Structure formats: structure tokens, C-alpha cells
Amino acid sequence: MLHFTIRRLTLAVPTLLFISLIIFLLLELAPGDPMAQVPLTVPPEVKEKMREALGLGQPMHIRFWKWIVQFFWIEPQVMIDWIFHTNFSEGKLRVISWQTRSPVMDIVIQRLPQTLWVVGVAYVVGILIAIPIGIYSAYRQYSVFDQVGTFVSMIGYSVPPFFSGVFVIVIFSVNLGWFPSIYDTTHVVNDWDSFVVQLNQMIMPVMVLALQITAQISRFMRASMLDNLNQDFVRTARAKGLGERVVVMVHVLRNSMIPVVTVIALGIPSIFGGAIITEQVFKVNGIGQLLIGAIQANDLPMVQTLTFMFAVLIVLFNLIADVLYGILDPRIRYD
Amino acid sequence: MTNSTEIELTKPPRSQWKDVWDQFKTHKGALLGGVVFLAIIITVFLGPYVWTIDASTIDIRARNQGSSLAHPFGTDQLGRDTLARMIAGGQTSISVGLAAMVLALFLGSMIGVMAGFFKKLDGPLMRLTDLFLALPLLPLLLVMMLLFREPLNAAFGPETGIFILIVTAIGVTSWMPTARIVRGDVLALKEREFILAARSIGTKNSKIISRHILPNVLSPILVSATLGIANAIITESALSFLGLGFPPDFPTWGRLLYDATDYLQQFPERVFWPGIAISLTVLSVNYLGDGLRDALDPRVRGR
């Protein structure tokens, strides 16, 4: 297992480097000029100086190499400095956003908690709803509950978050006035009342994201339970005289969770992607909103870093899913 | 005894596609999905001949109206008829969905067949597929929209340019599942006797692929076609919703939804028309795909 993990980790490095190269080359083709907003009265030689100050003067491969160094070498040093109060990174050039002229990673760190809160809570809520639904619809296959569950998860698949989000805003904010339609990220939770306010503003984005997650995971859970319910070991367990509860909740469930756990791990990065839209709908200023803002403002270092971070998440969670599969299921051996 | 065999003999032979259709009919959801999807396509493409109001005619005095006989879905902030805009938007959304699906299927089937059939290409092509699967698709789509919008606008005009861009972007980023499924099937088919027989009488590789392999991988391709349409329609709407799709005066369902969110407080019903249209189309296509998967799977069909 350890061998496999190490082999996969070493394989992930070229993959990530290649993805970063693709993203870099794509952005390299950008026709947008970061100097377009500079007034025409500024003389060209000053413009050239400004261009160099943004790091645009050098040839392509040197800039790519610089970005790699900044992202993989200098940023971790900044992180270490920040945690242990050392000064490894002093005076070194970091990845600078063209919009704010401050380091990209500082802004990302500011925005990350909002995204993690909304997405993380939604994922947990979605899984907690999905698993019982999946178990029960498989156990009572083709019952009314199963049919309704199938229909609801089909809807969860089919209704895009930019409609379900707007739909709940119309009902619960505009018509009923129960919840705020805009997520206030400056809100500080310090007592019960402020906690209730926080809960109120989180309910809608979390439920919209959770609907999609529930739709996918409950389907997987159901299929996986159905695969196991007719296995010989289940018949053996019943023949031994074990209660139905123990048979389903222990023997079947534990075996059915193996593929579901890996699906849950694989789904985490795509949820971050989907959260881009949900954040836009509910005006959560997380990293998705940061990405959209950066794209509209032509802020290439920011776009590049954020896109690459999404890629890192995907590669990382693919790896985690593979390793988890091997750990959970002793029949699977990669060696 | 003889009588019954005679009846057996006189029965017309059943074709495979008739079996498929019989199985498909038993799945009520899929049948309904197919009917709804066809109805949407017909409404959207033949609608302009029945509902002749032009989608871009501005009538500022009739702005922000509710439903009436003249404007069943009401009018928007510039007095344009919402029903006409929905029809025009649907044409774009569904055309994008179909075109992107065709492109993705073409790329996916080609790469899948190549990887499955030619052993030398298998490794590199599958690594390429893995690489594409590891790309963050939505961010990359947004970046592509940002980068190539202007050059294509200049080359083909704003509408055709964006159409080409969106179709290409969605097609290029969604062929991977098809390629994987097709490769798996081709790997299994390649070892079957009829391929060996074809090879032994000297059939060329290109003919083996087109005559023997492709017809046999048609069913997974058809199923991923339906999923591809759904995916492409949602992606196009998402891009339009994020303000990076078609230009503002050019309606698509996603764009109409995006424009309507600005008037959410005053006219909440405006959000529903495009939202329901997108959701209904995707839902019907998903059900259609579900039924097709069962109907085309001989293991399910027998039961």
C-alpha cells in the first residue's frame, strides 16, 4: 500500500506540472493587455517599465519557471514563516495579483474560510441525508419511497444550481422573507443571536448545494446496497438467525460503504467547482467569486493560481480515493 | 404440435431495434422524457412560425408587463416579448447542446476506438484522458471564454464566434467519459471471434473498425450522447449565467435567467420561465438516457 501511495504521489508531480503548463500557455495566449487601462498620455518607455514591474518583460519559459518557483518554493516558505514566525521568505518576490498589487495567496487565505464553511457544511449535510435515503430505497426497492427518491434525485441532477438557488431566493427571501438572500461574510458569531443569524444566512446556499450532492450520493449508495443485498454472505447472516437490523446495518452497509466513500472523496473537488455558481448566486465572497472577479478583471496571476489550486485539489482527491479504496477493501491490492 | 410450430414459423422475424423499442416502451419515465424532449425541440424550432413576434423588437411603452393575451409570458424591461425570447433562447441553447454533444461524441469515440484497437496508442491516449479528467473544467471553460472571445468575435461576428467558441470549449472538455467507456468495450470486442474472422479474410483495420467495431459500440455511445446533451445545456447556461456566454442582446436560456435575476424583487416570475425550460429539458434528456441504457443493454432487455 505504501509503495502504491508513493508511486502515485511521484506520478502526480508530472501531472500537476503538465497541468500548470497547460494553464500557463492558455493564459499566455490572452489577447487582453494589463496595460490597457493606463492613460494614453503615459509615455511608452514608462509603460515598458510598468510592464517589466509586472514581470511581463521576460520570455515565456523564464516567466513560467518564475511562477513555478514562486508557487512551489516561496509560497510554502511564507506559510512556514507565518506559522513559526521565522523569516525564510524575507525579500523574496511572491505571486502578485494585478488587481490589488498584493500577494495572491494572502487574498486566497482571506477568501477560503467562507467557501470552506458553505461548501463543507453542504457536503456534510448532503452526505448525512443521502446515506439513509440510499439504504432505505435499496432495502425497499421499487417501493413508493424508492420511486419518489429516484424522482427527487433526478431533479437534483437536472436542476442547475443557478436555477435552484434563484428559486429558493424567490420563495424564501422575496415572498416569505425568512432568510436573507445575500450572504454577509463580515458577520461575526459571538453569541446565540448572532449564531442564529449566521444559521439563517447559511441555510439557503447549503441546501442548494446539498440537493445536488444528495442526488448523486444517494444513487450510488442505493446501487451499492443493491449489489450487496443479494450476496451469499447476507444469506448466511440471515440463516445464522441474525436480526434484520444487524444484517442490513452491519453486514450489508459496511460492505456497501466502500465504493461510496471513494465517490465521496472524488466528489469533493467538483463541489468546489460547482460552488463557483452557488457563490455567485448568493453573493458569498469565497474563492469562486474571486475567480470570476479575476477573470473579468483580466488578473492573470490570480486566475492562474486559482485554476491551478483547483487542479491540485482534483489530483489530490483522486489519489486519496484510490488509496482509500485499497485500505477499505482488502480484496483490492495494487502491488 | 404442428400447428404451434407453424404459428412460430409464420411470425415475422424480430429485429434488434424492435426489441430495443419494446423494452424502451416499458420504461414510462423514459417514454415521457422522450416525448417532452421532442416537444421542446419542435416548439423551439417551429415556434417562430406560429408566434411571429420578433424576439428583439423593443417596445418601450409595453415594458414590464405581466401575462396578457398579447404577451402570454409578459414582457421584459425593454418591452420585448418574453415568449419570443424564450423560443429564440431555446434555439440557441439546444443547438449548442446538440452541437457540443456531437463534437464530444466524435472526439470521445475516436479516441476510445483508437485506444482500444491499437495497443501502441492505448497508453498515451489513456494518460491524455486522465490528464483531461484532472483539469478543473469550469474554471478552464471560464478562462477559455475570456481569452478567445475577442479573436473569434473579430473573425466570425459576435454570435457565430461565441457559438463556435462555446461548442468547441464544451466539446473539448467533455469527451473523456465517452472515450473511457468506448475503449473498454472495444478492448473486449477486439478479442471476439468475428473480429478474428474478419481479420483472417484480410479485412483492413479501417474496415474492421467501421463495419464491425463501431456498430457494436453504438449503444454506449448513444447513452453518453443523451448525458452529453444534458451536460452541454447546463454548462452553456452556467457560462451565460456567469456573464461569460453569449452577448447580452442575444437570448439564451441561461442569459435570460441571468438578466431576470436583476429584477428578482419586482418580477420574480421572470426567473421561472428560463429556469423551468432548462430544468425540464435536462430532466427529460436524463430520463431518456436512463431508458435508453436499459433498452440497449441486452442483459436487461431479456428480462
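Convention: sequence-line order gives letters A, B, ...; per-chain numbering from 1. Just so we're clear, the structure is a prediction, and the values are computed from it rather than from any experiment.
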Check your understanding: In terms of heavy-atom proximity below 4.5 Å to chain A, should B:Ser284 be classed as side chain, backbone, both, or neither?
Key -> neither

Practice item. Compare all side-chain heavy atoms of B:Ile278 with those of A:Pro160 and state whether any distance is below 4.5 angstrom. Key: yes

Check your understanding: Out of curiosity, B:Leu135 CG to A:Thr307 OG1, how far, rounded to the nearest 0.5 Å?
Key -> 10.5 Å

**Study point:** Atom group of B:Leu283 that falls short of 4.5 Å from chain A, counting heavy atoms
**Key:** both

Review point. At what distance, to the nearest 0.5 angstrom, does OH of A:Tyr157 lie from OH of B:Tyr287?
Key: 12.0 Å

Review point. What do you reckon, is CZ of A:Phe24 surrounded by more than 12 foreign heavy atoms closer than 6.0 Å?
Key: yes

Practice item. Look up atom CD1 in B:Ile276 and atom CZ in A:Phe167, then write down how far apart they are to the nearest 0.5 Å. Key: 7.5 Å

Check your understanding: Residues of residues 285-295 of chain A under 4.5 Å from chain B (heavy atom pairs)?
Key -> A:Leu291, A:Ile292, A:Ile295

Check your understanding: Given that the side chain runs from C-beta out, which part of A:Phe162 has a heavy atom under 4.5 Å from chain B: side chain, backbone, both or neither?
Key -> both

Practice item. With a 4.5 angstrom heavy-atom cut-off, could you sort out which part of B:Phe272 is near chain A: side chain, backbone, both or neither? Key: both

Review point. Going by residue number, which parts of residues 160-168 of chain B are within reach of chain A, meaning a heavy-atom gap below 4.5 Å?
Key: none

Check your understanding: Got more than 12 heavy atoms from elsewhere within 6.0 Å of CZ, A:Phe18?
Key -> no

Review point. Chain B heavy atoms under 4.5 Å from A:Phe151: which part of the residue, side chain, backbone, both or neither?
Key: both

Check your understanding: If you count heavy-atom pairs under 4.5 Å with chain A, which of B:Ser279, B:Pro136, B:Ala230, B:Ala238 comes out on top?
Key -> B:Pro136

Review point. Atom CD1 of B:Ile234 and atom CZ of A:Phe163: how far apart are they, to the nearest 0.5 Å?
Key: 12.0 Å

Review point. Which atoms of B:Asp130 come close to chain A, meaning under 4.5 Å heavy atom to heavy atom: side chain ones, backbone ones, both, or neither?
Key: neither

Review point. Hey, what do you get for CG (B:Leu133) to OG1 (A:Thr15), rounding to the nearest 0.5 Å?
Key: 12.0 Å

**Study point:** A:Val315 versus chain B, the contacting section by heavy-atom distance below 4.5 Å
**Key:** side chain

Exercise for review: Could you check which of B:Val143, B:Thr281, B:Ile233 has the highest count of heavy-atom pairs closer than 4.5 Å to chain A?
Suggested key: B:Val143

**Study point:** Side chains of B:Phe241 and A:Val281 in contact at under 4.5 Å (non-hydrogen atoms)
**Key:** yes

Practice item. Drop me the distance from A:Ile22's CD1 to B:Leu140's CG, to the nearest 0.5 angstrom. Key: 8.0 Å

Exercise for review: May I have the step-by-step check of side-chain contact (heavy atoms from CB on, under 4.5 Å) for B:Val271 and A:Ile169, ending in yes or no?
Suggested key: CA-CA 11 Å; B:Val271 177; A:Ile169 287 181; over 6 Å; no

